[in-house]
Structure formats: structure tokens, C-alpha cells
Amino acid sequence: MSVVTLRPKANSMPQAAKNVIDVKDLSLVFQTNDGAVNALSNIDLVVNAGEFVSFIGPSGCGKTTLLRVIADLEQPTSGSISVNGMTPSEARQKRAYGYVFQAAALYPWRTIGGNVSLPLEVMGIAREERKDRIARNLELVNLTGFEKKFPWQLSGGMQQRASIARALSFDPHLLLMDEPFGALDEIVRDHLNEELLKLWAKTQKTVVFVTHSIPEAVFLSTKIVVMSPRPGRIHEVIDCNLGSERTLDIRESPKFLEIAHRVREGLRHGHSYDEAHL
Amino acid sequence: MRKVLYDRVIPVGTVLLAIIALWYAFAVILNAPFERDQAARANAEISTSQLIANTMRQERPVLPAPHQVAAEIRKTVFEISPTSKRSLVYHGWVTLSSTLLGFGLGTLLGILLAVAIVHSRTLDKSLMPWIITSQTVPILAIAPMIIVVLNAVNITGLLPKAMISTYLSFFPVAVGMVKGLRSPEIMHLDLMRTYNASKAQVFWKLRWPASMPYLFTSMKIAVAISLVGAIVGELPTGAVAGIGARLLAGSYYGQTVQIWAALIAAALMAAILVSLIGVIATFVNRRMGVRT
């Protein structure tokens, strides 16, 4: 596997955690009523600080499961994994990452400001500091002025932006995103992709991003992890660096199309397009 | 205003009028045999209009007419001093105080049981069947025993009656709150896990607010059956005080008008209690941003 550090950063991480995520020979077997399901099989993966890594693959390839293992929301059956040089459980207890779900998952009884405030309250941050951070993070996702609105008063795209602000509010170095824009229409999704890219450039976070959209993966990522199903495994890791100043126009460039083609070939060779898997 | 008129006043008023009309019809039908008997004994002819008029002013009718009940309520509520034992306000207050005490204790008990059940698998398995079984015991059978047993240990007055209300009202709250505290989506729970939130934080910031709609729905049921429990609790004590005592005394002496007045008073009290909880629920909903 190629490990290319695209944007090395000095002193922004503890020395031990240069590899933010380090997965070795990891497998996960779900015991279901229909027998064992190999959700993940012999996964090896390194994510470096400051990278934007996408997991792409069809349903059932284990991309979400892998993300949940990193977040300590699922337990691997075998193999090893470290997050910031710790076990996922320790990393979770140290609040090492922010997690963005497929749905915005805002608490409906809290205002947008209240939702952004939720992790801060859980982590015991003082009221004044909370106010500051709510304002700062809502500004970061262009939701200034919506603090007092309730979630249902916002569009789906705005709700998802609020959930990103919530994940960023306690300033984790690592952002885990599970198909955050999957439920949105393409126009909103394009727009949010651009915003996310700007956010990433501004905040210098490490992002792990699950998607099933090839253009989205190519547009956003520095590294694309192509996964294939049954058993869930990594088929190929494709480096992807379209430069730091990306706009949506880049998607018509030959380089973009070439990488997209490679991803599609990878998915095909991983049998993602086989009839049996659809 | 117009909306209130069309949404509330007209539908509710129509049903009310229909009930009153039916009530009058049945009052005439049920009370007529007595009038015919009277006429037959006096060997007198009685015209239909006279018959109908007479059925509505009997002293001890089988079914008193609505205006007789209304007059009885007016007399016993407004004309008799509330401290008098003949005042419906006095009896109503006796029942209301034990209803509210029992309902308060029952709600608290129900919530505590639900919290325990949601947080412990063992309690879920062991407690839940007993909670359900408790409600299969007929309350009429168990109420006198509670009163008698507590009397034997010198607990008398308000508390034994309230216990019966508690016995009935904890159930809907416990069942409703178990469901309510378990209502958060997996994603909302996972979110708390990513923050490494403590169990107490998950409870206060997620489970508790998520359970609010369930709480108010079950409290509405609980308050209504608390009233029933309080009335049932007043029967075995030998008609000392309360709506239940009014009902019992009325039936001893064949005072049907008094019985119906007490019944209507109890129904009105239940309606007011239920709508009070509705008002609180609306207020809480508004604060929690529920879409209206």
C-alpha cells in the first residue's frame, strides 16, 4: 500500500500520532441469525495527519463499518487498530474525533445553537466559552443567524451543516463522516462539497469520509480507498491530489476524469458491478 | 376566534346537545311507569303532556332529568357553605386532594420504575411481568383491604385513599415512560457515545427530553384513573366524605338526583384535570420547539 503524506504538518499532533489511524490485518465478523457475515476482512490502512481519505464502494462493502470501528462504535473480531496512537476506545474517551452521521441527527428539542452546544455541555465546557464556540462554528458552516431556530425550520442541507458545526465545536483533530451528504440532492451536495473542502483547508483537520459517489470522492480526497463487498475488504488505494485550490470546474479536467476512471475500474475489478452483488 | 368556534365549540356543542336530548328522552321513558302506576292507583286519567311533565319533576326518579341534576349541583355547590357536609365542594375537595396526592406519588413511582427498568436488564425481566400482573387484580377487591390493613396500623384519612390512586396511576406512567425512555434513535445514542457521555448525561440530555410526549400522554390516563381510585377508596370507609361517599349515601337513601350530581361533578373534575395536563404539555412542547 502506498503511504503518501500529502500535507505534513509540524507540531499540530503529538509525535506518536503521526499516523492518525493505523489499521493492521483487521477483520470483523457479525454473528447474525443467518450465520456469520464477514463485514471486514484483513483490512490494512494508514491515514496520516491532515489527509482527506474517502472510503468508496457499494452497499455491504463495510465502509461504514470500518468508520464505526475507528470511532469505537463497533468492535473488531481480530487484528489491530490505533487512533492517535491509542486504542479506538481510549481515543473515544479522549474525545479525539467528531462524527457526522448519514442523517443530521440533531436533537429536535434543541435549537441549532443548543445542538452545537451539546458536546460542549457533555464535556463540561463553561457557558461563556460555549457561546463563543457556537458562534464561531456556526459561522464556519455559514449558519450565523440560525442559532435560535429549531432543526425542523431548516432545510436538509442546512441541518447537515449544523451537524458538521456540532462535530467541529469541540475542535477534534479528526473528523469522521459517514455519507454526510447522501440524503441530499445533487445541487446541494455539490455546494456542500465545496464548502467542506474550504473548511478542511481552513481547519487542517484529518478527514475520513464515507461515500458511494465517485465524483464526490475524487473531488474531495487526497486518498481514495476503494472497497469491495463479500467479504468487505480494501481493493485498492488510489492517490488523488488535484491541488489545494479546487472548484467544481475541476470535475471536467482530464486529470479528474482519469482518477474517476481508475476508481470506477477499481470498483469493477472488485466485483462491485457484478449482478450478484446488486 | 372563528377557528375555535368551528374546530371546538360547534363539534363539542353538537355532541353535548345530542347527549342532553337523549338523556331527556330516557328520563321520560324510564320514569313514565311510576307516573302511570300513580295515575292507575288514583284511578285518574293522565294526558301524555302531563305524563311527560311529571317524569321530569319526581323526587326520586329512576333517571333524573338534566335540569334536576343541574339544580342539585347549583344548590350543593353555590348555595351551601363549602365547609358543610352537604356541600359538593367539600366532598369534591376531599376526593380531589387524595386524587392529586395519589397521582403525584403514582407518577413519581411510575417514572422511577421506568428509569430502573430501562437501565437494568435484570429489572426489565423481573419487574415488568409483576407490574402488568398488578393491574389484573380487580381494584374493587383490593381497595377495602388496603384501607383495612392501613387502618390496622393507624394510617387513616388521606393516605390510604391516595395509595389506591397510586396503585392505579403508576401503571400507565411506568409503561409509557419505559417506551419513552427507549424512544431515542440509535443514531442519537451513538452520538452521545462518540462524546463519551456518562449514563446520567445520556439520561438528562437525551432519554428524558425524548420521553416527554410519552410522559404527558400517560399522565393524562393516570390522572383520570387516580380520580376513579380515590372514589373507589372512599366506598369501604363507610361513606365519611368525598364524591364516593356522596355516591354511596345517595344509593342508601335512593337519592338518585344526588348520585347523578356527584357523578357529573366527578366527570367534570376529571375533564378539568386532564385538560390541565394538556395545557402543561402544550407549554412544554412549545419550549421544546415542537412543530405546531
Side-chain angles (χ1 to χ4, degrees), chain A residues 64 67-68 70-75 83 86 88-125 148-154 163 166-167 169-170 172 174-180 183, chain B residues 107 111 114-115 118-119 121 125 173 176-220 277-292:
Chain A
T64 293
L67 196 72
R68 288 175 65 86
I70 295 167
D72 189 39
L73 295 173
E74 304 284 354
Q75 304 308 318
V83 178
M86 296 171 272
S89 171
E90 287 164 345
R92 179 175 63 79
Q93 281 162 38
K94 290 224 160 88
R95 282 108 180 202
Y97 64 85
Y99 200 101
V100 179
F101 291 88
Q102 286 174 7
L106 300 170
Y107 288 7
W109 53 83
R110 281 176 174 255
T111 58
I112 295 304
N115 270 289
V116 176
S117 169
L118 178 71
L120 306 175
E121 288 169 32
V122 169
M123 294 169 196
I125 287 164
K148 297 230 154 61
K149 294 268 190 265
F150 281 100
W152 64 269
Q153 294 169 300
L154 269 61
S163 96
R166 179 180 60 185
S169 67
F170 56 100
L174 175 61
L175 200 55
L176 305 176
M177 306 179 89
D178 182 8
E179 292 184 42
Chain B
T107 303
I111 291 171
V115 172
V118 166
H119 286 93
R121 258 192 94 76
K125 292 259 185 279
V173 176
M177 283 304 276
V178 166
K179 200 162 165 50
L181 293 173
R182 283 192 182 141
S183 67
E185 298 168 39
I186 306 266
M187 223 182 262
H188 285 167
L189 285 163
D190 275 349
L191 187 69
M192 277 298 193
R193 191 171 153 80
T194 69
Y195 302 150
N196 193 34
S198 69
K199 272 196 165 180
Q201 285 172 327
V202 173
F203 181 80
W204 289 113
K205 294 191 187 300
L206 177 57
R207 291 190 190 276
W208 180 254
S211 70
M212 280 305 108
Y214 297 84
L215 178 64
F216 287 113
T217 307
S218 48
M219 275 170 81
K220 281 184 189 173
I277 290 173
V279 169
I280 297 169
T282 311
F283 176 74
V284 171
N285 279 344
R286 202 165 295 160
R287 291 222 36 193
M288 289 174 66
V290 173
R291 180 174 198 166
T292 43

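Proteins come first, then strands; the chains are lettered A, B, ... in the order of their sequence lines, and each starts at number 1.
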> CZ/A:Arg92 to CG/B:Asn196 distance, rounded to the nearest 0.5 angstrom?
Replying inline: 5.0 Å
>> Rounded to the nearest 0.5 Å, what separates atom OH in A:Tyr99 from atom CG in B:Leu191?
In response: 10.5 Å
> Quick one: what part of A:Leu176 sits under 4.5 Å from any heavy atom of chain B, side chain, backbone, both or neither?
Replying inline: neither
> What part of A:Ala103 lies closer than 4.5 angstrom to a heavy atom of chain B: side chain, backbone, both or neither?
Replying inline: both
>> Any heavy-atom pair between the side chains of A:Trp109 and B:Val290 that's under 4.5 Å?
In response: no
> Closest approach of B:Arg287 and A:Phe150, non-hydrogen atoms and distance?
Replying inline: O-CZ, 3.8 Å
> Where on A:Glu121 is there a heavy atom nearer than 4.5 Å to chain B: the side chain, the backbone, both, or neither?
Replying inline: both
> Which pair of non-hydrogen atoms, one from A:Asp72 and one from B:Arg193, has the smallest distance, and what is that distance?
Replying inline: O-NH2, 2.9 Å
>> With a 4.5 angstrom heavy-atom cut-off, is it the side chain or the backbone of A:Ala105 that approaches chain B, or both, or neither?
In response: both
> To the nearest 0.5 Å, how far apart are CE in B:Met288 and OG1 in A:Thr111?
Replying inline: 12.5 Å
> Quick one: CE on B:Met187 to CG on A:Leu73, what's the gap to the nearest 0.5 Å?
Replying inline: 11.0 Å
> How far apart are the C-alpha atoms of B:Tyr195 and A:Arg166, what are their side-chain angles, what is the distance that settles it, and do they pass the side-chain contact (heavy atoms from CB on, under 4.5 Å) test?
Replying inline: CA-CA 11 Å; B:Tyr195 302 150; A:Arg166 179 180 60 185; 3.3 Å; yes
> Looking at A:Arg95, A:Lys149, A:Arg110, A:Gln102, which has the largest count of heavy-atom pairs under 4.5 Å with chain B?
Replying inline: A:Arg95
> Any idea which heavy atoms bring B:Met192 and A:Tyr107 closest together, and the distance?
Replying inline: CG-OH, 3.4 Å
> Atom CG in B:Asp190, atom CZ in A:Arg68: separation rounded to 0.5 Å?
Replying inline: 4.5 Å
>> Whether the side chain of A:Trp152 engages the backbone of B:Gly289 through a donor-acceptor N/O pair (distance < 3.5 Å, no angle test) should be reported.
In response: yes
